[in-house]
Structure formats: C-alpha cells, structure tokens
Amino acid sequence: MKSMNFGMLLKVLLLGAFVSQVDAAQSKESYTELYRPQYHYTPAQNWMNDPNGLVYADGTYHMYYQYNPGGNTWGAMSWGHATSDDLTHWKEEPVALLARGYPNNITEMFFSGSVVIDEYNTSGFGRKGHPPWVAMYTSYYPSQQVLPSGKQVRDQQQAQSISYSLDHGATWTTYDDGNPIILDPPSPYQDQYLDFRDPNIFWHQPIEKWVAVISLAKVHKLLIYTSSNLKQWNMESEFGPFNAVGGVWECPNLFPLPVDGDKSKVKWAAIVGVNPGGPPGTVGSGIQNFVGDFNGSIFTPDPKSIHDGGPPDGSLIFEDFEGNRSFADRGWVATGDFIGTSPTAGTLPGQNPVTGFLGKQLVNTFLNGDLTTGTLTSPPFNVSYKYINFLVGGGDNINQTAIRLQIDGSIVHATTGSNSEQLTWQSWDVSAFQNQSAVIEIIDLATGGWGHINVDEISFANSPATNNNANWLDWGPDFYAAQGYNGLAQYQRTIISWMNNWQYGATIPTSPWRSAMTIPRQLSLKTIDESIVVVQQPEESWKAISRSRSVLTLPSVTNIYNLGDIGKAVEIQLTFPSTEAANGKSEFGITVRASEDFSEQTRIGYDFTTQQVFIDRTKSGDISFDSTFPSLYYAPLSPSLNNTVKLHIFVDWSSVEVFGGQGETTMTAQIFPPENATYAQLFSEGGSTNDVQICISEVRSTWT
Ligand code: FRU
C-alpha cells in the first residue's frame, strides 16, 4: 500500500473533472482566479461581510449579505443577495438594499439584520394570501438628519429599521413612514446609540410574538425585544456581559434546539460575535455561544455555560490599587511621569473603555495619553507561593509596556498587553524562586500607539489564575457573524458564517472580490462529557459535489506518508487512534495544499499530549499582508469513548474548515497557497500511528 501514489490514482479517476475546469478557465466569469473558492460562496466582485437575512421559502434558500457595490473594501454597506436551491450552488442576484444616496451622497447604510416571512401579515405590509417578507436591520446614518418619518437621527447613529418585500425577497421597500422603528437604545443605555446593532428576529409561537435580539456592542449586552407587528417593539430583558468580552459584541442569534435529538428536552443557544478578542491564539474576530433557557422574555444561561475565571480562592493580595493613596504611599518607587501619581479610576480622557479590572482603580499609564513614560517598582517581597497572578492590558510591547519580575537585579518574568483595553489574567510560575527577594515593576517606555499599560490585582497563590473562557463556536481565525436560517423546520438550524476576520479582512490578497462564506453547517445540541454543547456538521447537500471517494487503511504511519498530488478542492476524512500518547508520541495529521517540495504547506493535525486539534498556516503561501496572519491555532478535542480521533476536513482554493469529533470542535482558517500547491502527506511525529483511515474526495466546483 505504502508505495502506491494515491494522488496519481485519484488524478486518473478525476481526469474528466480536471479537463472541464481548464475549459472553464477560459471564460471571464468562470470563478477560476487563483484564490477563488470553488464551493464556498463569494460574490463575483467587491467586498462582502456578514451573512444577513438568511431565509428559506418556496424551495429557495436566500442569503443576503453585507456588500459594498462600489469596491473591494468595506463601505457603502448594502445588502447583496444570492439564492440557492441546495445550499451549495449559489446564484448572485441583484443588490437587494442599496445604500441610500449611493454612490455620491450616502445618507443611510444597511447594516446586518435578518428576514422573516410574515405569514399572518402581522405587519400589514402584505395582503391576504400574499405574506410580506420583512427585513429588520440596523440603519447606519453617516450624518445627522431628519428622516421622512419625522424622526431625527444623530451623526453616525445606529438604529433599527424594517423593509418589506412583496416579490419573494427580490426587491425591497423601506418603511419610510416609521423608520427607524427602534430609534435609540433604552434607558440607561441611551449613550450607546453609536453601537446598537444587528437585530436577529424570529417568530416565537408560545408567546405568539416576534422576538428581536439586538446587540449593545460596547457594553457587551444583548437586548431582547418582542413585538406583535414587527413595527412596535418592547424591550423585555438584557443579557450579559459574560465570558469573552475582549471586544465589541455583535451579530447575536438566539434559537432553540433539542438536546440529543430529544424534542421533549429543548434548550436555547445564544451565539455572539466578539471582535477583537476571539479564541485564544487568534487575533481579531470570533464567536462564542451560551446554552440556556428562554421563556419568551428572558434568556437564562446554564451555570455551566458561564466561566468566571480569576485567581484561585484564598489568594493573598499583594496590591489591588484600591483606596486613596499615591504609589509612593503604597511603597512603590515611581520614576519619570509617574512621580507623584496614584492609581486611576478606569478609563482616562481620550481612551477607549478600559474593561476587566477589579474594584474601582487600577494602574493605567494613559495619563497624558500615550505620551506618558516612566516606571513603577513595588516594595520588595519574599517569594513564598508558586504563582504570581495579575490582570494586564494595554500595549503589546514586551520591552516597553510590560509588567516584570526582578530578582537579584535580573528580569525573570515579563508580560505585556495585547493592544486591547481589556485586562486579562496572567500568571507567573515562580516556584523556582522560593524564598528569594523580588520586586515587581511596571514599565511604560512607549509613546506611540498603544504606548500604555494597564495592571491590576496582583496576588499570590499556589495555582494560576484563569481567564473568563468562552464556549467558542469555532476555534479558528476566520469564522464570524454567523447567522441561522429562518423558515426551516422548527429545529433545523442551518448557519452560515463570514469566513474572514476584521483583523486583516480588508487586506487578504483576493481580487476582484473579498471574503467568502463558510459552507452551511447544521447545528445541534449534544451531551458530551456531561455538558450540553453546540455541535456542527456540514450540511448534507454538499455531498452532491463531492465524489471519487477513495478509502485507504494504513496499518502504520511512521514519520511521513506521501499522498501525492490530491488537488486544491478536497474533502478529507481522517480517523486514527488516540492511544499513542503513552508512547510519548506527539502529533499526527495531514499536510495539505503543499508545493511539491513541501516548502509551502498547511498542516492540520492532532496533538496527543495536549489533546488539541491544530491548524498551522505559517507556511500557507501568501502570508505577507498582515503580521498576525501566519500563525498556529489550537482547539481542544477529547478523543471519543473508543479512543479515536476524527477529523473531517474541507480544503478549498483559499480555506480549510476542520470538524473534529462529532463536530463539537471546529476550526476555520483562510489560506492563500500558490497554484501548484496540490500535494499532501500524512505525518506522525514522535512515533508511529497505527490503524489510520483516510478517505479523500475531490470536491467539484459549484461554479462550472
Ligand atoms: C460585524 C459588523 C456588524 C455590522 C456590520 C457592518 O461584522 O460590524 O456589527 O452590522 O458588520 O457591515
């Protein structure tokens, strides 16, 4: 088996498909540019972000999306539109909601939102037998104005509006008599009118009302409203902040799902985009979820869904920076601009909101903006616990904005911020320095952007502090703003996500379009390790385009097993035992989209020691457009009961999506490999992996 070149075999089988692709490359609209996804939706040209208004009706799946009709970066936000009858082959339709005043005098943009079919014409927009479709979305007003409804909006205000369609979603009429139908956030959040967005609406039969979940982005809250006619809305409750709050909260969704398929046991899941502050190890956008109950008015998360984090109980506080005393009064030695200063009370003038500190005060070196420089050194103390825990935020610069531990004049630990005003828990393992005298110093030597540091709550304990971990819906860097379909069977929950990241989304090297959607995924709730978790599976329908399935069983893989040239759009199912950890074996996986010499490659695998799936895109072709792009991502995945690890991998011309286990762990990442990167190999590091099963299918382009 081992000497057989699997790729060659596959290629012979696929020769037909190969020829037709070359043919297609000749025509202009053929979707064959270097990085053009072959089975992920992209508009022919221009910028796209969030999926919007996902709705199924009369046998057609509609997908609207944030779209800039005028260019390849964010702007002139309109609703693009595509339709599909199988969730796989899409047809791009004319723009559904064009920014008002486009192109030269834009007075209103159409931000994210959702669409419902108003079956009983509660809105009155339709007539008997002709239910209107109603879209509810965020209107963004670039400048202050008085609207046709007589309502006055402020400069850059975000408010909620509706439009209706009487022709099955093809064309839309804005409800100018009443828009915006939710003008301002409710008290006490009226000052949040710049960050109030992304209504997710659905019909809730038990209360016979519409429900809208809307995000108060900066204060990390979801507001729940109800309505009987889609025009007048009453606020019912608020949810949050919980778990990941590193950046704004956007694009919420709330939906019911039976647990383990048992329709008598229904739970609700809320999903919330967080940007920045996504999964650990990523930079930028991510989606967290909460499982709980919804009574038509309040969403209550299960205690298991909430992770408080923090230092262990019984920690000894060294300095919490509370109380009315200067640094000098606390025994800290100040230099530079810190001489004569005291801890501050949170956010300083000109600064974005500082979050995550404890009590009322912290060290915030944004005193005179980023220009402030100096150092603060604690009184000496004897190291007597195993860990020093603290909160840190601010600039990411280990040499200039840092908190450090000094022993005998040398720096033995240093930690910096992450270019975020959110403080997170960090720990130093100081077990090696027991009974030695130490000082902690906080330094700010930087004057440029992010030239400040935030520190709080330094304490000693025998275990490290943990952060407010989140339940991540996907652990990769390119999965954001997911939205579920309305109009499907009650518990059928199909979502589509934007496969990009605000961190570098505008600079990915694609043209004339920018951004793709993930493949549609079915969500369900499963009990795994005594917790109810959201699991994802690719929609069944994609199978129609996957073919020439070839299966290999490899009794043993040592080091490398070459799979040869397997192509650029492939589906891979990989199953292997996890029992090898005892042999000290570290990793098993597959390298895809590799050049023949493997100098370009994307590695997808499993780390047996830490029980994590990983994607390594540090050598995945063009990685030059953003310094945070070339990176290695990890996601936790426990082996299944029979000690097997399953990875279901979807490779396209510029992405990989990995479904681990039963779908409880997924990872999505864009890659931009060269044309000739079509090779693959299995790798087993630190020992052999036995009984490997691999199944590779070529996925046919949905555009030919
Ligand atoms: C999320 C988002 C939404 C907003 C839209 C604007 O990606 O920022 O909150 O409605 O994009 O395009």
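Order of appearance sets the numbers: ligands from 1, and atoms from 1 within every ligand. Start at 1 with the first residue, then count along the sequence. Excluded from the calculations below are hydrogen atoms, water molecules and symmetry mates; all remaining heavy atoms, backbone and side chain alike, are included.
Evaluation of the side-chain hydrogen bond (donor to acceptor under 3.5 Å, both in side chains) rule for Arg36 yields Glu33, Thr42 as partners, not counting sequence neighbours. In this structure, the side-chain hydrogen bond (donor to acceptor under 3.5 Å, both in side chains) partners of Tyr504, at least two apart in sequence or on a different chain, are Asp478, Arg617. A search for side-chain hydrogen bond (donor to acceptor under 3.5 Å, both in side chains) contacts involving Ser297 returns Glu236, not counting sequence neighbours.
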Intermediate values then yes/no, ring-ring contact (aromatic ring centres under 6.0 Å, His included), Tyr189 and Phe196
CA-CA 10 Å; Tyr189 307 113; Phe196 178 38; 9.6 Å; no
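Judged by distance alone, the side chain of Asp293 and the main-chain N or O of Thr300 form no donor-acceptor pair under 3.5 Å.
Distance check: Ile519 CD1 to His40 NE2 gives 5.5 Å after rounding to the nearest 0.5 Å.
Using a heavy-atom distance under 4.0 Å as the criterion, the protein contacts of ligand 1 are Asn49, Asp50, Gln66, Trp74, Met77, Phe111, Ser112, Arg197, Asp198, Glu250, Cys251, Tyr480, Trp502.
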